[in-house]
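Everything below concerns the one structure shown next.
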Amino acid sequence: MNGSRKWHKANGPAFAPGEKWVAVDGSCGCTIVSIRKYSIYTGRSKWDYEVTYQFDDGRTSSSDVWNFQVRYQHVADQHI
């Protein structure tokens with residue numbers, strides 16, 4: 001870790017269903033619903049996954065793992 005951001009593997013515990021994440025600007029929170037490997041990729045990259053998450057207000061969204069982590073951080077990483 002470089003001290004500014006912790007990047008989590010998509011198949012790690014931070015992406016387990018039910019895990020809490022927050023927007024880096026603190027504006028909202030979300031919970032992981034599911035994680036899946038994109039079927040069109042060979043899986044050689046740790047970013048070849050789609051995460052589905054639910055906002056605190058009930059809306060759901062999906063994103064690739066890299067873009068998700070640019071916008072959100074795991075609750076355990078908030079005070080690093």
Side-chain angles (χ1 to χ4, degrees):
M1 188 168 96
N2 63 13
S4 62
R5 166 85 56 182
K6 181 172 184 179
W7 297 96
H8 294 274
K9 291 181 179 181
N11 59 356
F15 281 100
E19 285 296 304
K20 302 287 186 183
W21 291 69
V22 292
V24 294
D25 66 2
S27 63
C28 64
C30 62
T31 304
I32 302 297
V33 174
S34 64
I35 187 87
R36 71 173 183 86
K37 187 183 290 190
Y38 288 121
S39 60
I40 61 171
Y41 296 107
T42 61
R44 288 180 280 184
S45 172
K46 62 183 175 182
W47 309 118
D48 290 348
Y49 291 83
E50 178 182 61
V51 59
T52 301
Y53 50 100
Q54 183 174 31
F55 293 103
D56 293 341
D57 67 5
R59 294 177 296 129
T60 59
S61 188
S62 295
S63 177
D64 66 81
V65 171
W66 187 86
N67 282 305
F68 177 81
Q69 290 191 77
V70 167
R71 292 170 178 81
Y72 299 94
Q73 64 182 8
H74 191 264
V75 292
D77 301 330
Q78 283 186 287
H79 303 291
I80 291 178

Aromatic ring proximity Phe68/Tyr53, centre distance under 6.0 Å: yes
Pair Phe55 and Trp21, ring centroids less than 6.0 Å apart: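 Centroid distance Phe55-Trp21: not below 6.0 Å, so no.
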Spacing of Gln69 atom CD and Ser63 atom OG [to the nearest 0.5 Å]: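 Interatomic distance, Gln69 CD to Ser63 OG, rounded to 0.5 Å: 10.0 Å.
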Distance (rounded to the nearest 0.5 Å) between Ser27 OG and Asp56 CG: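 The OG atom of Ser27 sits 10.0 Å away from the CG atom of Asp56.
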Contact summary for [X] and [Y], nearest pair of heavy atoms:
{"X": "Lys20", "Y": "Thr31", "answer": "NZ-OG1, 3.1 Å"}
{"X": "Cys28", "Y": "Tyr72", "answer": "SG-CE2, 4.2 Å"}
{"X": "Ala10", "Y": "Ile35", "answer": "O-CG1, 3.8 Å"}

Geometric class of the His8/Phe15 ring pair [parallel <30°, tilted 30-60°, perpendicular >60°]: perpendicular
Side chain to side chain contact (heavy atoms under 4.5 Å, CB included) between Asp64 and Glu50, worked out: CA-CA 4 Å; Asp64 66 81; Glu50 178 182 61; 5.9 Å; no
Test log, rule side chain to side chain contact (heavy atoms under 4.5 Å, CB included), inputs Trp7 and Val70: CA-CA 9 Å; Trp7 297 96; Val70 167; 3.9 Å; yes
Close side-chain approach of Glu19 to Ile32, heavy-atom, < 4.5 Å: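 A side-chain contact exists here, since the closest heavy-atom pair is under 4.5 Å.
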Validation row: Arg71, Val24 side chains within 4.5 angstrom (heavy atoms): no
